[in-house]
Amino acid sequence: MKKTLMLTIAVVFGLTLMMGGAPADVQAKTTFVTIGTGGITGVYYPTGGAIAKMVNAKREEYGIRATVESTGGSAFNVNAIMAGDLEFGVVQSDRQYQAYKGEEGSEWAGKPQPDLRAVFSIHPESVTLCASVDSGIKTVMDLKGKRVNLGNPGSGHLQNSKDTLKAVGLDPETDLKAEYIKAAEAPGLLQDGRIDAFFYTVGHPSGAFKEATAGKTKVMFVPIEGPGIDKLVADNSYYAKSFVPVADYPGAVNDADVPTFGVKATFCTSAAVPDEVVYAITKEVFDNFDTFKKLHPAYAVLTKEGMLEGLSAPIHPGAMKYYKEVGLK
Ligand code: GLU
């Protein structure tokens with residue numbers, strides 16, 4: 001009798017092990033998160049990679065496994081985070097503002113996203129216009145009648161391109177031959193003479209402009225300035241004056257930095273993402289700030305305090321817990 005009981009216990013115990021009881025427990029502790037970025041020649045993609053790399057190195061401690069996805073960009077990322085398809089995404093600060101508030105004139109007009117949450121801001125991004133020298137484009141007004149890539153639907157920069165054109169009195173639909181292709185394809189098309197210019201809102205240096213300025217076709221960065229642009233920046237709190245650093249692109253014909261305006265890249269999530277996950281990612285980036293800063297030249301200007309600026313959606317409680325702990329809030 002006693003023997004039978006012992007055997008039963010042993011069998012049950014063995015079965016539990018065989019069915020993977022213990023390994024299942026370990027797996028249950030791993031939270032999988034996906035970070036939405038942008039095209040692979042931008043700065044969002046390596047940014048997502050940098051964050052994922054730091055968090056994954058501490059997988060044992062946090063139980064988080066982060067993967068990075070190349071996406072259409074900011075607007076896509078906001079919508080995918082809100083749909084629960086992505087846990088995190090890199091989002092332009094202007095798109096974050098518009099989505100959270102449901103701003104008139106934006107794609108979220110009448111559809112505010114109250115569950116969008118900010119984690120931190122990252123590098124500055126400049127609205128950058130690059131044209132072939134042969135096109136004769138020297139100002140935004142010169143884009144009239146030209147073939148110009150404004151950006152793919154889902155990108156953050158499509159709206160910046162339209163804002164720029166409207167600010168100087170050009171209609172994006174009728175005054176030029178607008179293209180809506182991905183930023184990763186634009187440099188090749190410019191080099192092949194199939195477009196005259198393209199817009200891209202991105203941190204510098206970026207692979208996209210390295211490629212655009214390194215071919216046989218001579219290209220230049222076109223200044224985005226003048227009274228219309230001044231008014232655009234003055235009227236919108238998310239825009240600030242900026243410039244394209246030409247030292248990053250020796251192949252461009254410009255010999256001085258090129259004035260423009262810009263925004264900030266920000267790291268966003270949803271109110272539905274658990275506090276401990278957001279806390280761990282925030283802590284990892286901020287506790288290892290010097291390591292993080294070295295992961296991309298566009299981060300050279302970052303400060304911890306600056307990374308809490310430019311956020312318009314509420315800060316996620318998991319991130320806020322960390323900021324309070326270290327006295328940043
Ligand atoms: N600012 C661009 C966007 O929101 C992406 C830039 C990048 O990938 O670095 O779509």
Side-chain angles (χ1 to χ4, degrees), residues 34-52 68-82 86 88-100 103 106-108 113 116 118-130 149-164 179-187 198-212 221 224 236 238-240 242 244-245 248-249 260-269 295-302 310-313:
T34 306
I35 303 171
T37 60
I40 56 165
T41 58
V43 181
Y44 288 8
Y45 188 68
T47 293
I51 295 171
V68 172
E69 201 175 286
S70 171
T71 74
S74 285
F76 175 93
N77 292 344
V78 166
N79 295 331
I81 291 169
M82 293 294 87
L86 292 173
F88 295 94
V90 190
V91 174
Q92 285 182 203
S93 49
D94 47 344
R95 297 293 89 76
Q96 181 190 139
Y97 178 98
Q98 294 179 327
Y100 181 69
E103 195 188 47
S106 80
E107 71 172 275
W108 297 279
Q113 303 296 319
L116 186 64
V119 185
F120 45 75
S121 70
I122 325 171
H123 56 280
E125 301 189 85
S126 301
V127 180
T128 307
L129 175 59
C130 185
N149 188 39
L150 306 186
N152 57 295
S155 73
H157 45 276
L158 177 55
Q159 190 62 50
N160 302 130
S161 315
K162 290 181 180 170
D163 286 355
T164 304
E179 300 284 353
Y180 300 94
I181 54 176
K182 288 185 171 177
E185 289 163 31
F198 71 94
F199 283 94
Y200 192 18
T201 304
V202 70
H204 293 294
S206 73
F209 287 112
K210 293 261 187 213
E211 188 187 337
F221 293 106
I224 302 180
N236 294 286
Y238 45 69
Y239 283 150
S242 176
V244 180
D248 285 343
Y249 307 104
T260 181
F261 67 100
V263 295
K264 267 185 161 191
T266 71
F267 198 58
C268 290
T269 189
L295 295 177
H296 197 286
Y299 308 155
V301 295
L302 298 189
L311 307 173
S312 38

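Both ligands and their constituent atoms are indexed starting at 1 by order of listing. Small disclaimer: the values here were computed from a predicted structure and weren't measured. Residues take their numbers from the sequence shown, with the count starting at 1.
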Shortest heavy-atom approach to atom 1 (N) of ligand 1 - which of Ile40, Thr201, Val91: Thr201
Can you tell me which residue and heavy atom of the protein come closest to atom 9 (O) of ligand 1, and the distance to 0.1 Å? Val43 N, 2.6 Å
Considering heavy atoms of the protein only, find what lies nearest to atom 10 (O) of ligand 1 and give residue, atom and distance to 0.1 Å. Gly156 N, 2.8 Å
Scan side-chain atoms only and decide if Gln92 and Asn160 contain a donor-acceptor pair under the 3.5 Å cut-off. yes
Shortest non-hydrogen pair, Val127 vs Thr260, comes out as O-OG1, 2.7 Å
Please answer whether the main-chain N or O of Leu150 pairs with a side-chain N or O of Glu179 as donor and acceptor at a distance below 3.5 Å. no
To which protein heavy atom is atom 5 (C) of ligand 1 closest, and what is the distance rounded to 0.1 Å? Tyr44 CE2, 3.5 Å
Below a 4.0 angstrom heavy-atom separation, can you tell me which part of Glu125, side chain or backbone, both or neither, approaches ligand 1? side chain
Could you tell me which residues satisfy ring pair (Phe, Tyr, Trp, His ring centres under 6.0 Å) with Tyr97, sequence neighbours excluded, listed by chain and number? Tyr238
Among side-chain atoms of His157 and Thr128, is any donor-acceptor pair under 3.5 angstrom? no
How about Thr47 and Tyr299: does a side-chain donor come under 3.5 Å of a side-chain acceptor? yes
Suppose I only count heavy atoms of Gly42 and a 4.0 Å limit; which atoms of ligand 1 are within that range? 7 (C), 8 (O), 9 (O)
Any non-hydrogen atom of Tyr200 lying under 4.0 Å from ligand 1? yes
Can you name the residues that form a side-chain contact (heavy atoms from CB on, under 4.5 Å) with Ser206, not counting sequence neighbours? Val43, Val202, Ala208, Phe209, Tyr249
Which of the atoms in ligand 1, numbered in the order shown and given with their element, are less than 4.0 Å from a heavy-atom of His157? 2 (C), 3 (C), 10 (O)
Give the residue and atom name of whichever protein heavy atom lies nearest to atom 4 (O) of ligand 1, and the separation in Å to one decimal. Ser74 OG, 2.5 Å
